[in-house]
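One structure below.
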Amino acid sequence: FFKLVTDIGQVDNGGTIIRTVNGVYELQYSGAVNVKWFGAVGNGIAYDTGAIQNAFNYVKISGGEMLLENGTYLIRDTIGTDTTNATDFCDNVTILGYGAVIIVDATAANFTVFNLEGNNCHVKGIKITSTRPINHTVDPATLRTPYFKGIKIGGKLTADRTVGDSTYLKYNVSVEDCEIVNMNAPLTIGRASDGFIRNNVIHQYTDTGILIDDCIKNINVDSNSVYNGSDDNIFARHYDTSFYVNATTNYVGTINITNNNLGFTYAKHFGVGGYSDVIFSGNNCDSSWAGAIAYENGNAASSDWSSRSIDNINFTVENNIIKNAGSYYGGTAWRQTVFPGGITPSAFNGGYASSRTPYPWKNIVFSGNTVIGSESYGVALVNVQGALVEGNFFINNKASGLGAIYLSNTDTVTITSNMMRGISLNFPHCYVLWDNEGTLTLAGIEIYGNTENFATAVLSFLSSVKTTEQASVNYV
């Protein structure tokens with residue numbers, strides 16, 4: 001510390017500025033700001049919330065790094081910006097914690113552990129957990145009070161999606177090398193562009209593991225492990241009530257979900273609605289209760305995901321391994337009384353995609369995937385205009401498996417170069433076509449060059465399919 005020559009009323013912040021009867025002293029340092037300078041103890045016993053927040057407030061003034069060095073930090077309130085304050089942001093702030101563990105006191109009221117709203121914000125190397133373990137032997141609703149979020153990063157999310165302007169949108173944010181366990185909602189990236197979520201481990205949660213919420217474009221989720229959750233491993237949504245898209249032509253999209261290990265979810269591995277140009281590639285998906293991967297657009301009676309002419313276009317699912325879709329019963333673990341039926345437990349499905357006016361999903365590619373043991377279908381395309389199903393390996397090993405590929409209310413679909421076989425159980429059907437899901441009609445269906453093993457029929461039309469629709473299917 002160096003004594004300042006002139007006292008101009010500097011505020012004692014308990015860390016870098018100290019006022020004494022002998023004068024004002026300022027800490028001279030380089031590099032990251034250490035939370036222990038501000039009184040954090042890191043012994044897992046004393047509460048460190050106030051000290052860490054004071055360190056954050058100091059870094060927030062001009063940007064920089066805040067360090068939580070090796071230790072266990074007990075907290076009971078949010079560290080970061082105030083979501084209710086429309087002008088509270090934290091540009092150019094990085095939180096470092098390699099070796100640090102944050103423990104949430106679960107007797108506290110609802111809060112978010114780290115809330116970073118600003119440009120160029122990053123969280124690296126922190127483990128977050130709570131004193132309340134989350135297991136899956138009970139209804140997750142009983143574990144949502146109080147409600148804890150792990151990390152929320154990006155722009156300023158508001159409960160009313162119509163509230164906001166361009167100042168609420170933030171750029172270049174990331175979370176990497178973190179472990180988040182025993183949280184309700186572990187990680188949310190919201191109202192952001194150019195975001196990266198990578199190399200994190202997330203498990204034991206009640207709601208979505210990684211939520212991409214009302215983001216704008218260029219969101220990358222890569223090389224994470226997300227498992228043992230009561231809801232989706234990853235979900236990407238943009239509401240049609242969002243100020244950014246409501247009555248505008250603003251583009252939202254370019255979502256890349258790559259090289260992740262996703263498993264053991266009582267919902268889906270990945271769901272998406274309201275974005276264009278979505279890539280789901282190179283992921284290992286094992287055991288979901290609902291379908292493994294789903295595209296959504298809400299329904300005609302509600303306001304859900306954005307569904308304009310420029311939304312929900314171009315969804316590529318390629319080179320993934322998808323096992324046991326719709327089959328995660330979890331032994332003695334809690335689950336809903338009614339198991340998802342119909343096409344919902346399929347490996348890839350549009351069970352959540354209605355014929356919502358005015359636009360269905362367009363240009364879906366399902367290519368190079370290995371699908372093993374789906375509870376329903378391997379692929380279930382519903383309410384789609386334009387799709388390619390190519391070069392996939394469909395393996396049936398379940399008596400409940402209905403078929404390799406299901407089509408309903410789709411047009412302009414090509415199915416080629418796929419292999420369909422069974423392990424002790426062939427698929428009952430390779431292709432099942434229906435016309436009972438919406439306003440589109442079956443048309444322009446091309447099926448050729450596939451290797452097909454089946455028990456009942458290679459191509460089946462359900463009763464609602466019109467003769468003219470059957471004639472539009474070219475099967476070679």
Side-chain angles (χ1 to χ4, degrees), residues 236 238 249 251-257 270-281 291 293-300 305-320 343 346-369 371 377-392 394 403-418 430-450 459 461 465-466 468-476:
H238 201 111
T249 58
Y251 168 86
V252 290
T254 313
I255 310 295
N256 300 305
I257 313 296
F270 177 60
V272 59
Y275 293 103
S276 290
D277 301 314
V278 179
I279 294 176
F280 186 84
S281 177
I293 307 158
Y295 58 93
E296 309 183 12
N297 65 352
N299 60 67
W305 321 138
S306 183
S307 186
R308 306 163 299 165
S309 62
I310 59 173
D311 299 320
N312 304 325
I313 301 175
N314 302 330
F315 185 13
T316 298
V317 179
E318 61 183 4
N319 303 324
N320 304 283
I343 66 171
S346 302
F348 178 68
N349 79 86
Y352 305 88
S354 69
S355 57
R356 182 182 181 188
T357 303
Y359 305 107
W361 271 81
K362 297 179 180 178
N363 303 339
I364 286 179
V365 175
F366 190 85
S367 175
N369 302 286
V371 179
Y377 293 93
V379 170
L381 295 177
V382 180
N383 294 306
V384 173
Q385 285 186 314
L388 173 65
V389 181
E390 179 180 32
N392 302 285
F394 296 99
I405 298 172
Y406 170 96
L407 305 180
S408 179
N409 297 92
T410 62
D411 66 45
T412 316
V413 178
T414 298
I415 301 171
T416 185
S417 304
N418 301 283
C430 289
Y431 317 103
V432 176
L433 280 67
W434 202 16
D435 181 13
N436 199 37
E437 307 280 349
T439 57
L440 294 174
T441 58
L442 291 167
I445 311 299
E446 300 283 339
I447 304 174
Y448 62 90
N450 302 285
L459 176 62
F461 294 97
V465 179
K466 303 176 183 67
T468 54
E469 292 177 301
Q470 294 184 33
S472 74
V473 177
N474 181 30
Y475 171 72
V476 179

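Between the Asn418 side chain and the Asn392 main chain, a donor and an acceptor come within less than 3.5 Å of each other. Formation of a donor-acceptor pair under 3.5 Å by the Thr412 side chain with backbone atoms of Gly386 is not found in this model. Judged by distance alone, the side chain of Thr416 and the main-chain N or O of Tyr448 form a donor-acceptor pair under 3.5 Å.
You'll find the side chain of Asn474 stays beyond 4.5 Å of the side chain of Ile447, heavy atoms only. Counting heavy atoms from C-beta on, the side chains of Asp277 and Ile313 never come closer than 4.5 Å. Taking 4.5 Å as the limit, some side-chain heavy atom of Thr410 sits within range of a side-chain heavy atom of Ile445. By the 4.5 Å heavy-atom criterion applied to side chains, Phe348 and Val389 are not counted as neighbours. Leu407 places none of its side-chain heavy atoms less than 4.5 Å from the side chain of Val379. In this structure, the side chains of Ile255 and Phe280 stay at 4.5 Å or more apart for every pair of heavy atoms. Side-chain contact between Thr254 and Asn256 is present, with heavy atoms from C-beta onward closer than 4.5 Å. Side-chain contact check for Val413 versus Leu381: some heavy-atom pair is nearer than 4.5 Å.
The nearest pair of heavy atoms linking Asn312 to Glu296 is OD1-O, 4.2 Å. Between Ile310 and Thr249 the shortest heavy-atom distance is CD1-O, 3.4 Å. Residues Gly378 and Ala347 share a closest heavy-atom pair of O-CB, 3.2 Å. Contact record, Asn409 with Leu442: N-CD2, 4.0 Å, taken as the closest heavy-atom pair. Scanning all heavy atoms of the two residues, the minimum distance from Ala443 to Ser472 falls at CA-OG, 3.4 Å.
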Quiz item: Tyr295 and Asn349: side-chain hydrogen bond (donor to acceptor under 3.5 Å, both in side chains), yes or no, with the steps?
Solution: CA-CA 7 Å; Tyr295 58 93; Asn349 79 86; over 6 Å; no
Exercise. I would like to know whether Trp361 and Gln385 meet side-chain hydrogen bond (donor to acceptor under 3.5 Å, both in side chains); could you show each step before the answer?
Key: CA-CA 6 Å; Trp361 271 81; Gln385 285 186 314; over 6 Å; no
Quiz item: Going through the distances and angles, do Ser276 and Asp311 end up as a side-chain hydrogen bond (donor to acceptor under 3.5 Å, both in side chains)?
Solution: CA-CA 5 Å; Ser276 290; Asp311 299 320; 5.0 Å; no
Practice problem: Determine, step by step, whether Leu433 and Val473 satisfy the side-chain contact (heavy atoms from CB on, under 4.5 Å) criterion, reporting the C-alpha distance in whole Å, the side-chain angles of both residues, the deciding distance to 0.1 Å, and the verdict. | Solution: CA-CA 10 Å; Leu433 280 67; Val473 177; 3.6 Å; yes
Exercise. Could you check Asn450 against Tyr431 for side-chain contact (heavy atoms from CB on, under 4.5 Å), going step by step and ending with a plain yes or no?
Key: CA-CA 11 Å; Asn450 302 285; Tyr431 317 103; 3.2 Å; yes
Practice problem: Mind running side-chain contact (heavy atoms from CB on, under 4.5 Å) on Ile405 and Tyr377 for me, showing each step along the way? | Solution: CA-CA 6 Å; Ile405 298 172; Tyr377 293 93; over 6 Å; no
Self-check item: Arg308 and Val252: CA distance, side-chain angles, deciding distance, side-chain contact (heavy atoms from CB on, under 4.5 Å) verdict
Solution: CA-CA 11 Å; Arg308 306 163 299 165; Val252 290; 4.0 Å; yes
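Here CD of Glu318 is found 4.0 Å from OG of Ser281. Values are rounded to the nearest 0.5 Å. A distance of 7.5 Å separates CG in Leu459 from OH in Tyr475, rounded to the nearest 0.5 Å. With rounding to the nearest 0.5 angstrom, the CG atom of Asn383 is 13.0 Å from the NZ atom of Lys362.
Aromatic ring centroids of Phe315 and Phe366 lie 6.0 Å or more apart.
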